[in-house]
Amino acid sequence: MTSNITALAGARVLSRTRVLVFALKAGGTAKTSSCTSLAAIIAQRGFRVLVIDLDPQCNSSQVLGYSTFRDGQHGITDVMKEQIELKDAVVQARYQVDDIDPEDPDAAFEPIPNLFIVPGNIDDPDIDEAERLLNDHRNADSYWIRDGLAAMDGQWDAVLIDCPATYGRTTVTAFIALDKNVDGEVVPPVLCTFKEAGALVRLEKKLQEIRDQRKYIIKGIEPQVKRVLACAAPNASYGTSEHRKTLKEIQDAYGDILLPLVHWSGEMPKIYRDDCPVPIFAPKSMPAQEYNKVATALGFERRS
């Protein structure tokens, strides 16, 4: 690299924050359950954690206490439209512990220590128009997440980004946050079915396309899959021969980078009913214990 190109690559440095991007072009692959479970566990271990909810379904926002917004509250689309900075949309994650009083709705929630979120508002008419917003020259460019995180460097130990099940402009902006100066990676949660296993190949292809573009090369942008997370893995009481065959194929193809397995559990769907991450409402459950192993494998040991 020339000195000028090196300067460009280092112009926006995120040197003190770990960034994990949960992405796979397949619906229902446990992106939200993995993102929120790991965020809660990492926060419980003493790290300051920020979740960014890019999915227009706003499921991470729901699980972390923001199924509805209070009057005047900002969300992710306000950042996309450059009406506010990313830091101005950050709120503390929480979970509901009591019936909601219309006069004081926030009193029904308990904050989750060390855990914060940039939520999406499911009732925002722009929430389904993220691709249009990000392609509109009047709004945020491709680097809005990268720049917004760099402006908060040192405030968060870990940033976890929940992406939609597409590789459109929204997800690409998350990939672009991963340059060679960032301790980060794309973590694809994959279900043990042939459809989702095939999606891993398409994800690798998309990331290579980004790494090969000159406009990203000169900025040092290098999104990569370093670990794969297999979810809803078959166990003694769940799974067909197809599930087990696919798990074996995933283990054969990605065994050297495969994170500890998260097996199927009936506890996981309850995160949407209870609006709460599984490590909080069922800390002794199998998925909570297994996501604890994943957090350790990702390098988040408990802080003393």
Side-chain angles (χ1 to χ4, degrees), residues 22 27-28 30-79 83-84 86-128 130 156 158-162 164 189 231-232 262 264-292 295:
F22 294 84
K31 289 186 288 292
T32 294
S33 55
S34 297
C35 179
T36 56
S37 294
L38 288 168
I41 289 166
I42 295 168
Q44 289 172 342
R45 293 185 176 190
F47 297 88
R48 284 179 60 83
V49 181
L50 176 66
V51 171
I52 300 177
D53 190 357
L54 293 182
D55 192 336
Q57 296 183 81
C58 304
N59 287 333
S60 282
S61 302
Q62 175 186 348
V63 174
L64 296 180
Y66 293 92
S67 56
T68 59
F69 274 35
R70 64 179 182 275
D71 290 342
Q73 181 178 343
H74 295 298
I76 194 71
T77 54
D78 298 310
V79 187
Q83 295 177 348
I84 59 170
L86 186 66
K87 62 182 178 62
D88 297 324
V90 173
V91 290
Q92 182 148 24
R94 59 189 188 172
Y95 61 98
Q96 189 172 337
V97 295
D98 204 351
D99 294 334
I100 293 179
D101 179 357
E103 298 297 320
D104 187 11
D106 290 341
F109 294 87
E110 184 75 21
I112 304 176
N114 294 325
L115 184 53
F116 297 80
I117 182 171
V118 176
N121 182 359
I122 193 66
D123 296 319
D124 183 342
D126 287 324
I127 198 69
D128 292 320
W156 313 108
V159 174
L160 282 65
I161 305 177
D162 188 10
C231 298
V262 176
W264 180 89
S265 170
E267 294 290 342
M268 293 311 302
K270 297 178 184 177
I271 66 174
Y272 302 109
R273 177 182 296 277
D274 295 346
D275 290 355
C276 184
V278 70
I280 292 178
F281 75 76
K284 296 182 179 180
S285 65
M286 181 177 67
Q289 294 177 36
E290 292 180 338
Y291 275 117
N292 265 283

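Counting from 1, the numbers follow the sequence of the chain as shown.
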Point to revise | Worked check of ring-ring contact (aromatic ring centres under 6.0 Å, His included) between W156 and F47 | key: CA-CA 8 Å; W156 313 108; F47 297 88; over 10 Å; no
Exercise for review: Rounded to the nearest 0.5 Å, what's the gap from CD1 on I100 to OG on S67? Could you check?
Suggested key: 6.5 Å
**Study point:** Side-chain H-bond candidate by donor/acceptor type, R45 with N292, under 3.5 Å
**Key:** yes
**Study point:** Nearest heavy atoms of W264 and M286, plus distance in Å
**Key:** O-CE, 3.2 Å
Check your understanding: Are S265 and S285 close enough that some pair of their side-chain heavy atoms sits under 4.5 Å apart?
Key -> no
Exercise for review: List the steps and the verdict of side chain to side chain contact (heavy atoms under 4.5 Å, CB included) for I112 and Y95.
Suggested key: CA-CA 7 Å; I112 304 176; Y95 61 98; 3.7 Å; yes
**Study point:** Full working for side chain to side chain contact (heavy atoms under 4.5 Å, CB included) between V90 and I117
**Key:** CA-CA 6 Å; V90 173; I117 182 171; over 6 Å; no
Study note, to complete from the structure: Of all heavy-atom pairs linking S34 and Y291, the shortest is OG-OH, 2.8 Å
Revision key, fill the gap. Output for pair (C231 SG, E290 CD), nearest 0.5 Å, gives 9.5 Å
Practice item. Can you see which heavy atom on A295 is nearest to which on L38, and at what distance? Key: N-CD2, 3.8 Å
Review point. If you look at every heavy atom in I122 and C58, which pair is closest and at what distance?
Key: N-SG, 3.7 Å
Review point. What residue pairs, at least two apart or across chains, pass side-chain hydrogen bond (donor to acceptor under 3.5 Å, both in side chains) with a residue in residues 96-108?
Key: R94-D106
**Study point:** Candidate pair V49 and L160, rule side chain to side chain contact (heavy atoms under 4.5 Å, CB included), full reasoning
**Key:** CA-CA 8 Å; V49 181; L160 282 65; 4.0 Å; yes
Review point. Do D162 and S60 have side-chain atoms, one donor and one acceptor, less than 3.5 Å apart?
Key: yes
Check your understanding: So, does N114 use its side chain to make a donor-acceptor pair with the main chain of A43 at under 3.5 Å?
Key -> yes
For residues 273-282, run the donor-acceptor check on the side chains, cut-off 3.5 Å, and write out each pair with its distance to 0.1 Å, sequence neighbours left out.
residue: D275; atom: OD1; partner: Q62; partner atom: NE2; Å: 3.0

Check your understanding: Checking D53 side chain against S61 main chain: does a donor-acceptor pair fall under 3.5 Å?
Key -> yes
Practice item. Over all heavy atoms of both residues, which pair between T32 and V63 is shortest? Give the atoms and the distance, please. Key: CG2-CG2, 4.5 Å
Review point. Is I161 close to F22 at the side-chain level, that is, under 4.5 Å between some pair of heavy atoms?
Key: no
Check your understanding: Do you know the tightest heavy-atom contact between D78 and Q73?
Key -> OD2-O, 4.4 Å
Check your understanding: Is F69 close to H74 at the side-chain level, that is, under 4.5 Å between some pair of heavy atoms?
Key -> no
Check your understanding: Heavy-atom distance under 4.5 Å between the side chains of F116 and V51, does that happen here?
Key -> no
Check your understanding: How long is the span from the CG atom in D128 to the OG1 atom in T77, to the nearest 0.5 Å?
Key -> 10.5 Å
Review point. I127 and I76: side chain to side chain contact (heavy atoms under 4.5 Å, CB included), yes or no, with the steps?
Key: CA-CA 8 Å; I127 198 69; I76 194 71; 4.0 Å; yes
